[in-house]
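All remarks here apply to the structure that follows.
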Amino acid sequence: MQIQSVLEKKVKEAVKSIFGVDLPTVEFQPTRKDFEGDITAVVFPMLRFVKGNPEVIGTQIGEYLQEQLDEVSGFNVVKGFLNIVISDVFYLDFFNSIKTTNDFGCVAHAGEDAVMVEYSSPNTNKPLHLGHIRNNLLGHSVAEILKASGKKVYKTQIINDRGIHICKSMLAWQKFGKGETPESSGLKGDKLVGNYYVAFDKTYKAEISKMVSEGKVKEVAEKEAPILLEAHEMLQKWEAGDEEVVGLWKTMNSWVYKGFDETYKNLGVDFDQLYFESDTYLLGKDVVADGLKKGVFYKKEDGSVWIDLTDDGLDEKIVLRSDGTAVYMTQDIGTAIQRVTDYPDINGMVYTVGNEQDYHFKVLFLILKKLGFSWSESLHHLSYGMVDLPSGKMKSREGTVVDADDLMDDMTQTAATISQELGKLEDYSDSEKQELYRMIGLGALKYYILKVDPKKRILFNPEESVDFHGNTGPFIQYTYARIQSILRRAVRLDLSGFENLTGLENAIKLHAKEKELIKQIQLFPETIQSAAENFSPALIANYTYDLVKEFNSFYQQVSILGEPNEQKKILRVQLSKKVGEIIQSAFLLLGIQVPERM
RNA sequence: GGUGGCAUAGCUCAGCUGGAUAGAGCACCUGCCUUCUAAGCAGGCGGUCCUAGGUUCGAAUCCUAGUGCCAUCACCA
């Protein structure tokens with residue numbers, strides 16, 4: 001906020017000239033709604049330097065400001081708060097200066113450094129669920145926000161395409177599948193593979209209980225169940241490059257990818273670069289060898305390699321097994337380095353991963369730092385809370401997950417029901433309607449998830465469907481549609497000149513609602529920056545909601561197209577247009593589309 | 001047990017670097033569609049900001065201790 005620095009300078013000047021004291025800083029805050037004024041300077045902190053009655057001091061400063069600054073049109077002092085009234089001209093000038101700016105609030109790509117944002121990173125043995133949705137929405141949105149804040153961004157994911165979990169699905173398919181394919185069954189590929197993962201687990205559990213009933217200890221049975229041993233065998237064959245196993249692996253993964261692509265497309269997320277664990281799982285071993293030489297790591301007697309992080313308040317952590325194979329940490333070290341090699345302009349990475357892995361990333365970043373990588377300073381774990389159901393945690397194997405595709409369909413269906421009840425779109429074609437229902441349903445879902453601070457846990461109750469009133473996506477979309485309706489009408493009324501009108505007369509007296517709206521508009525650029533710094537789409541969501549609330553209040557209290565004064569009418573249309581643009585940009589950052597009508 | 005996160009209205013959440021009588025939405029109650037889309041607006045009801053200390057002119061916010069919930073502490077990820 002430019003005006004604040006002007007005021008700060010003047011307040012210091014005032015204190016210097018009236019009291020002969022230098023103030024180090026001046027504290028400002030937006031004036032509370034119930035007082036007159038726009039910006040408030042807090043007098044209390046000044047008492048440390050200026051002795052006296054805060055009310056008197058505030059008044060003296062206020063008088064000085066009003067006399068010296070055109071922007072200050074009035075003031076009042078309540079207790080230790082100097083409420084400053086900023087002139088309408090200042091707000092009009094500001095609005096005029098930005099009203100034709102495209103992408104207002106966004107910073108064009110500046111600087112050399114790029115950031116890589118990783119999100120999604122699913123396993124290929126089961127379909128995506130609600131937890132992945134939160135992950136995807138967060139990662140995608142943060143990537144967009146970083147872009148808008150001026151960074152170059154690469155979106156990526158590492159696909160967990162190998163390991164025992166996928167062998168379980170493969171084995172079950174071999175045993176019970178009878179050659180079923182997505183084509184033969186009409187099932188989405190990821191769903192089909194997921195079914196076999198569940199089938200494996202069913203058989204596995206049955207074997208365990210049978211063994212237990214035959215007198216085995218449960219823990220032993222869990223390790224020795226025949227089907228599990230078979231899966232392990234399969235994994236070994238895969239690692240040895242067995243043709244049949246690798247062939248099946250490729251086939252089944254290709255089904256899954258096709259299914260994922262569909263889900264991603266529906267969800268509206270995308271990636272610039274994919275990494276596959278089958279390519280990266282051997283990475284990192286040479287780095288460990290290197291670190292061993294440098295003394296970052298040490299070797300235990302059994303040959304396993306560790307790092308001692310006890311001086312940093314953490315524990316000892318293994319980075320290589322005694323048999324020389326990699327653990328996850330090894331891979332993650334290797335993959336991080338690989339990425340910087342692939343994209344040399346990367347200086348920073350964001351990992352969108354649930355908070356259950358907080359410790360892992362703390363360790364990973366610390367290891368990379370100890371290995372001496374300069375970019376290790378700008379690594380960030382975008383840690384988010386779990387999405388839980390009223391019944392507790394979601395478990396794929398137990399079928400207690402909320403499936404991503406189903407959820408999106410349900411939301412679209414709910415949107416359709418509500419829309420049809422309201423019946424405003426009779427002239428839309430079926431496909432137009434369908435598209436709109438999807439837009440609204442997904443808008444509701446995405447907003448619902450993104451408006452919550454990422455680090456907080458979300459309790460999702462499928463019984464109580466996501467709201468469409470109040471602080472919701474559809475409410476904001478609705479406001480956007482209303483604005484478009486005004487703009488269409490404005491064109492029809494031959495007000496087309498409003499786009500290019502400049503140089504509003506300073507004589508216009510702003511309506512209180514207009515002023516509030518401009519103030520809210522003014523906050524958009526700093527909101528983007530702050531959302532980027534905090535990796536928080538929630539800040540964008542909350543800002544947009546405040547803006548929209550302000551707009552609706554304005555819309556209801558003043559007549560826009562019915563305003564007799566031509567200049568005021570034009571200003572109001574322009575304000576509406578700008579608010580619409582901001583809603584659209586802000587929602588783009590959240591990955592939510594906005595409708596022309598609804 | 002060690003470590004980390006969270007705790008604000010009946011429910012879901014805001015609350016920026018400490019600042020004025022702690023804000024929204026949902027739900028409940030009352031008004032407002034002959035006027036730019038009522039998925040809206042205006043208003044009412046509703047709070048020991050988990051507890052106890054401390055720092056400060058001033059604490060939901062910072063510090064300490066405790067309580068509750070969650071996660072994590074594996075040659076799992």
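By convention in this document, chain letters (A, B, ...) are assigned in the order of the sequence lines, proteins followed by strands, and residues within each chain are numbered from 1.
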For this session: Using a 4.0 Å cut-off on protein heavy atoms (strictly under), produce a 5'-to-3' string for nucleotides 15-29 of chain B with B for base contact, S for backbone-only sugar-phosphate contact, and - for none.
Result: ----BBB-SSSS---
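Out of B:rU72, B:rA39, B:rU37, the shortest distance to the side chain of A:Ile486 is found at B:rU37.
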For this session: Determine which bases of RNA chain B form Watson-Crick or G-U wobble pairs with both distances under 3.5 Å, and write the result as a 5' to 3' dot-bracket string with | for other-strand partners.
Result: (((((((..((((.....[...)))).(((((.......))))).....(((((..]....))))))))))))....
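Screening residues 25-35 of chain A for side chain to side chain donor-acceptor pair (under 3.5 Å), with sequence neighbours left out, gives A:Thr31-A:Thr40. Within the structure, every pair that satisfies the ring pair (Phe, Tyr, Trp, His ring centres under 6.0 Å) test and touches residues 549-576 of chain A, not counting sequence neighbours, is listed here: A:Phe551-A:Phe554. The salt bridge (Lys or Arg N to Asp or Glu O under 4.0 Å) pairs that include a residue from residues 416-428 of chain A are A:Asp427-A:Arg597, where partners are two or more places apart or lie in different chains.
Atom P of B:rG23 sits at a distance of 12 Å from the matching atom of B:rG44, rounded to the whole Å. Nucleotides B:rU17 and B:rC41 are separated by 35 Å at their C1' atoms, to the nearest Å.
For A:Glu316, the salt bridge (charged side-chain N to carboxylate O under 4.0 Å, His left out) partners at least two apart in sequence or on another chain are A:Lys300.
In this model, a side-chain donor or acceptor of A:Ser419 finds a partner on the base of B:rA39 within 3.5 Å.
With hydrogens and angles ignored, the 3.5 Å screen pairs a side-chain donor or acceptor of A:Asn565 with a backbone N or O of A:Lys568.
In this structure, A:Phe44 has its ring center under 6.0 Å from that of A:Phe81.
Comparing A:Asn160 and A:Asn552 by the nucleotide of RNA chain B that holds the closest heavy atom to each, the one mapping nearer the 5' end is A:Asn552.
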